[in-house]
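These notes concern the structure reproduced below.
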Amino acid sequence: MKLITAIIKPFKLQEVREALIAAGIDGLTLTEVKGYGRQKGHTELYRGAEYTVDTLPKIKLEILIEDDKLKVVTETITSSAGTGKIGDGKIFITSVDDVIRIRTGETGGDAI
Amino acid sequence: MKLITAIIKPFKLQEVREALIAAGIDGLTLTEVKGYGRQKGHTELYRGAEYTVDTLPKIKLEILIEDDKLKVVTETITSSAGTGKIGDGKIFITSVDDVIRIRTGETGGDAI
Amino acid sequence: MKLITAIIKPFKLQEVREALIAAGIDGLTLTEVKGYGRQKGHTELYRGAEYTVDTLPKIKLEILIEDDKLKVVTETITSSAGTGKIGDGKIFITSVDDVIRIRTGETGGDAI
Amino acid sequence: MKLLNLCLILLATVSSPAIFASEINSGDTAWILTSTALVLLMTLPGLALFYGGLVRTKNVLSVLMQCFAIACIVSVLWVLYGYSLSFYGEGNFFGNGDALFLSNVARDGLSVGYATSIPESLFVIFQMTFAIITPALVVGAFAERMKFPAMCLFSALWLTLVYIPACHMVWGGGLLTDWGVVDLAGGLVVHATCGVAALVVAMVLGPRKGFPGPSLVPHNRPMVVMGAAFLWVGWFGFNAGSAWTAGTDAGMAMLVTHISAAVGALTWMTAEWFKTGKPTVVGIATGMVAGLATITPASGTVGPQGALLIGFLAGSVCFYATQLIKGTLKIDDSLDVFPVHGVGGIMGILLLSFLGTKGILSVGSSGDFNPITQFIIQLKGVGVIVLWTVIFTWIAIKATSLITSLRVGEEDESEGLDLIEHNETGYQN
Amino acid sequence: MKLLNLCLILLATVSSPAIFASEINSGDTAWILTSTALVLLMTLPGLALFYGGLVRTKNVLSVLMQCFAIACIVSVLWVLYGYSLSFYGEGNFFGNGDALFLSNVARDGLSVGYATSIPESLFVIFQMTFAIITPALVVGAFAERMKFPAMCLFSALWLTLVYIPACHMVWGGGLLTDWGVVDLAGGLVVHATCGVAALVVAMVLGPRKGFPGPSLVPHNRPMVVMGAAFLWVGWFGFNAGSAWTAGTDAGMAMLVTHISAAVGALTWMTAEWFKTGKPTVVGIATGMVAGLATITPASGTVGPQGALLIGFLAGSVCFYATQLIKGTLKIDDSLDVFPVHGVGGIMGILLLSFLGTKGILSVGSSGDFNPITQFIIQLKGVGVIVLWTVIFTWIAIKATSLITSLRVGEEDESEGLDLIEHNETGYQN
Amino acid sequence: MKLLNLCLILLATVSSPAIFASEINSGDTAWILTSTALVLLMTLPGLALFYGGLVRTKNVLSVLMQCFAIACIVSVLWVLYGYSLSFYGEGNFFGNGDALFLSNVARDGLSVGYATSIPESLFVIFQMTFAIITPALVVGAFAERMKFPAMCLFSALWLTLVYIPACHMVWGGGLLTDWGVVDLAGGLVVHATCGVAALVVAMVLGPRKGFPGPSLVPHNRPMVVMGAAFLWVGWFGFNAGSAWTAGTDAGMAMLVTHISAAVGALTWMTAEWFKTGKPTVVGIATGMVAGLATITPASGTVGPQGALLIGFLAGSVCFYATQLIKGTLKIDDSLDVFPVHGVGGIMGILLLSFLGTKGILSVGSSGDFNPITQFIIQLKGVGVIVLWTVIFTWIAIKATSLITSLRVGEEDESEGLDLIEHNETGYQN
Ligand SMILES: Nc1ncnc2c1ncn2[C@@H]1O[C@H](COP(=O)(O)OP(=O)(O)O)[C@@H](O)[C@H]1O
Ligand SMILES: Nc1ncnc2c1ncn2[C@@H]1O[C@H](COP(=O)(O)OP(=O)(O)O)[C@@H](O)[C@H]1O
Ligand SMILES: Nc1ncnc2c1ncn2[C@@H]1O[C@H](COP(=O)(O)OP(=O)(O)O)[C@@H](O)[C@H]1O
């Protein structure tokens, strides 16, 4: 099993979600995070003074999948979250030892 | 060392926390997340129009443990977080290479 | 590739960020989390009654790096986030299978 | 001719309203119009925010909704029969139906009885704002667990069975008017009734899940402070508006009201500081409300020095009463309506006998004034109102429970009333 | 004896301020001073919060900024020429320039025309608060997508081309004054103009990205409720202040205003409950606003029973109008300005012919009163104002678009106007 | 003769304001009652929200608590000795003790000196609301770092050593009254004192950790706007209430106050737009406050055109003053009290000499009016008040530091005052 962690632009969330559902992925967990990278932040103003906010709001998606879906999922995310501009985000792939569904106690593939 | 990541229902948090403490686990990190899965979301209303909110508030617990506690911890969570209804959540188990306690610089088991 | 996950005290964030940038790390993702550990929480008051809040606000940093930067990064964090007092936090190191840059589709080291 | 001229010149300079007692005075009317706005401000947004900030995020809208719906329902009932049953007729407990549907209230009509220098239409709405806030105060007792339909029904019944008779008894020419009970702006009519009702309702409904416990804490303390500020400002209309004229009585009422609020706030803050080691903003705000509730019945009769004492007693007694009800007796009067309003209002009613100015109090009671005599009158008044409120609140809540269920289910309570009862959430990101 | 009689007769008529038309009455002045504060409170913070809570987090500041900037811009234009073109001179559509820069407004000057017992300076600012809120209401139509410079320019043009002539036509001695159109506090001048303008602007601008869809929901419903509460309280100044005196008219105006608000709120809530299964707090608040907008023109002429009916029609008709505009016609009048204010204001203007009290209405119209005659007068008034507003709003928005672009780009719209237009964010952690 | 007597008797029952100078006028009283509520609204919730929104999340409650506690403490001190030392007796710097504990304030008493048509009780509380807001404004200078006990002690000392003498000097028959200094609603008494004190306190306390730097930004800008709105609305009571009567002076004061606020807001917004490329909502709100502070002393004497100019100077000068203090001089007057209130108030005091209406100003000064002469009088007044404030604020803060420590520790400052000083947190999820 793999855990796909994707950092995406917030306004792409809806699109990514729909693309994933279309690809048969019907479970995920979202977190609001702040990202720092090559994409520059923005300037804010306060009483005539400017200050830079260099972190940007991002959404982190965590999706647990069986190994064979890896390609589908990464491709779905890449195509639906991409704008071609800096800051589109990243996808990390990590291996997961096991997963348990709390409700039933099922483990492994059944639990996803 | 293992990292246990549990997605649970928010109102179960108190119970799970107490069960974990009783099981000798006295360190963890919580994040407020939104979950999407088999459990359906809810309808909200705005001036006579209905719209569906399909993500649900969940709590993510991250607990770093030594390998031998794996079973105790997963069982404790499974039993304390379960309601038997859809949406109880999941537990992921991943392997961690190392851990460092910032304060002391200790690593490995001592740092947990 | 490694994923460094550091839980730190919020007021140390600025310092840690600057130290990391100085060390050549220019990408990371932040999450606001709540931590529970040896550091005690605080008492709050409500109309003459006291209650204990035993979780504390923490910041979680996630930093994806190539293996050779591991030592630099952990040392940078340890030195910049440390106050020497309980609750300074922890650093976890996990292995990542792969990483993809959504914008370009690059993978591996190039995508970081 | 000279004489005539003199008259005319004098007349020319006269601009006064008050020449015949039963005429509109524009200054008095201006003040009561303003006071009406201020008393409405107390409920919306004042009390709604004060209560809304004190509950958990998942219930904030339900509390705002309850206050809002009560304001609307009471307004309609007041037009239909509330005003008539409160202020028309000579019954001991209820008035009569002469002004049902406000049929008697002419466009040009003057107010009846006291308040002779303002239009009756204005008297109707000024009193309506008092009728609104009283059941809205009871919301604090059943917050975070009562179903919305039950809440609507109960509030309508309670207005009819408790508020209207209390209002008639004390202000409308009923039993307590006859006895000479003094209650300027509602120590009995408003605060004793809502406070006692809160206890009854809290006991019938039972505590919230998790009570007593650390999870039941305010979700938005700035909102609490904001609400408290509107209560303070609005209370100027509540008490100084109850003087009915824009003159010395109103000025003094405003002054003593303010003093009691300030001293009540500081006293509560200090008591808390001693007990827990820290002064808190919810504490200072609550003490302020206690100071206001306590001075309410007395604000027509005490002076600044008396107000200092009333404020001090309000802040200290209500603080300890709060500890008692929740801490010791474990009654989940969720937002502390009884210890703040009930205890405060009753305390004010009793204290005023000793702190009042002689010449004024004797107006209320018969013949020449004696503090002890007045105290006994006041005590009897408290007895009647408390007893009446206990009985009829119990009837109202039980009757409601026969028609529709009172509480949401346990799981729904965990989920929060905003989603369960209203399909809405307070805040989105 | 004759002399005595004369004195008595004179005295008997004295009570009123109006005995000599041209004197300040301190009570009336006190009430209009207060009303001015109340009407300003309606826009800031009332409407700003009501609208600000209804938009998404990323646009909250832009809406507050729009309301704030409009308040300031209109105030200046009102001083420069707005007041003069509205209230001086006898033109059918515009006044004249006699009071440009308020040059005619003396420190001791009395108000012109009606409102004879208050200073002209006060008349200027009381009217100014109406001129402020009207374009601010239109913000609801273009929220979440209009550029700030375009917004400023459009609002200034709209004030000049629509509000000022409408104000002059109805209240300032223009065409509709002559026809005998009755509009106490602005059913036509305020609500019809802003509502119709909202439709025009929404159609010219086009819908928000994501409309219709589930993402366009209020970010902070407690803020909406708070804003609604200030609208309610402030509206007492709007309607009862429009009586110009602190007397029976003001009292009755306040009473009927309140009744209509309460009934409008309950009706909307109930309609929604039927349709969707749940009562909501945004619903009850919106119904209340509809009730207030609808009673506005009628609040000088109807009684309490009429107000019950007006409130009922407001809550039900405006509820269904909202469904129609957004749901059926898919026009993104984002915060429902037309169905609530436009429909409400026009409905009130027409209904008042049938619900008014005879003696009063005949003052407005010529000779003796006949509901049908009055209805036709009112209908003609609606026709003129709606037509005028459609044409000149269209001109104002098109003229603006020639000078500066109206909408932010698509990506900027996603990002939110707060950051894009103002380099600020609403909330920080 | 009988007839004459009859006439006189009838007239004697007339309660008109004008007839005998020393009688209560119900209209004036209504307006000052209202104004008192409006000025309290300025501090609670107005200023509390304005300041609370400007600080970081972790300090929001501490700021609300400071404003709330100051309101309460000042109220008590005002009753004990503040009013007496301000308004009784003829001393140059302090009054006398004749009204300690308000012992002289009779229930039926009329106000002393000016304000002859309202009750003294009302005069006491109206003035009290000014005494409340002045030290509350200083909160902006020490926000986010001062300890609560030190804050309480300092504010009490400061009221006694600075506000009371300033109030007596300018308004209570002291030195500056004699000189003929004109200050309608507190350019010197309120704004110069709090502004100058802010500078002194900020320098003694030293800057916040992280100053100057990007971390010190507002946590809740909608809260700032809301607070600003209440300041605007409440200021109508502040300035137009200071006319003491509900007549032409009040009307004009309200009009010019509003104009200056609007123009100040637009000017600041525009200056910022030029400097930084974007207009901001915190900017427009701050400019509005500057416009209000600047017109304050002049609102009894200027007309609408003068108000346009005052607003323009307020918006531009105060904007650049803010850049100077924080940007160039690096003084952490945290919420910019000096550049907005100090600079604004002093500027208004000086400008009024040139912008005032002749006939009015000569009332304040001796004999016939000359702008230059008046300017010199005003300048001397500024000198005295600034000097006095510098010296006694320094004494007050140093005395406080001898008794209890002024600042929280560095780590506690990071943690936030809400938790450290009050064991509370603003918002819960
Ligand atoms: N080394 C990293 N570790 C963790 N997260 C990163 C890292 N680099 C970038 N990110 C995340 O990805 C987001 C996008 O990265 P950025 O460098 O701005 O653009 P791009 O994805 O186009 O290369 C960042 O905002 C951050 O959340
Ligand atoms: N494939 C997945 N990847 C990541 N998180 C998931 C996945 N499936 C479910 N979850 C998380 O677990 C929660 C519960 O899952 P759900 O399917 O609703 O019920 P159950 O746990 O009973 O199967 C979801 O809200 C989501 O947060
Ligand atoms: N076993 C654990 N698993 C996950 N997170 C932990 C664990 N132990 C501690 N933490 C995180 O680290 C933070 C600091 O830990 P704590 O025990 O308080 O102090 P220290 O880091 O000095 O040992 C906690 O608040 C929590 O967020």
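Every chain is numbered from 1 and lettered A, B, ... according to where its sequence line falls, protein lines coming before strand lines.
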Reported [atom1]-to-[atom2] distance for the pair [X] and [Y], which is rounded to 0.5 angstrom:
| X | Y | atom1 | atom2 | result |
| --- | --- | --- | --- | --- |
| Tyr36(A) | Ile63(C) | OH | CD1 | 11.5 Å |
| Thr31(A) | Lys60(C) | OG1 | NZ | 7.0 Å |
| Arg17(C) | Asp54(A) | CZ | CG | 4.0 Å |
| Asp98(C) | Lys2(A) | CG | NZ | 10.0 Å |
| Ile91(A) | Ile100(C) | CD1 | CD1 | 4.5 Å |
| Met1(C) | Ile93(A) | CE | CD1 | 8.5 Å |

Contacting region of [X] [heavy-atom separation from chain C under 4.5 Å]:
| X | value |
| --- | --- |
| Gln39(A) | neither |
| Ile86(A) | both |
| Thr78(A) | both |
| Lys58(A) | neither |
| Lys85(A) | backbone |

Residue part contacting chain A, namely of [X], when any heavy atom lies under 4.5 Å:
| X | result |
| --- | --- |
| Ile21(C) | side chain |
| Leu3(C) | side chain |
| Leu64(C) | side chain |
| Glu106(C) | neither |
| Ser95(C) | backbone |

Practice problem: Can you see which heavy atom on Thr55(A) is nearest to which on Leu30(C), and at what distance? | Solution: CG2-CD1, 4.1 Å
Exercise. Search all heavy atoms of Ile112(C) against all heavy atoms of Arg38(A) and return the closest pair with its distance.
Key: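 It is O-NH2, 3.6 Å.
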Exercise. For Lys90(A) and Ala111(C), indicate whether the former's side chain and the latter's backbone hold a donor-acceptor pair under 3.5 Å.
Key: yes
Quiz item: Take atom NZ in Lys12(C); do more than 12 heavy atoms of anything else shown fall under 6.0 Å from it?
Solution: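 More than 12 heavy atoms, drawn from other residues, nucleotides or ligands, come within 6.0 Å of this atom.
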Quiz item: Does some side-chain heavy atom of Lys34(A) sit less than 4.5 Å from a side-chain heavy atom of Glu32(C)?
Solution: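 With C-beta onward as the side chain, the pair touches.
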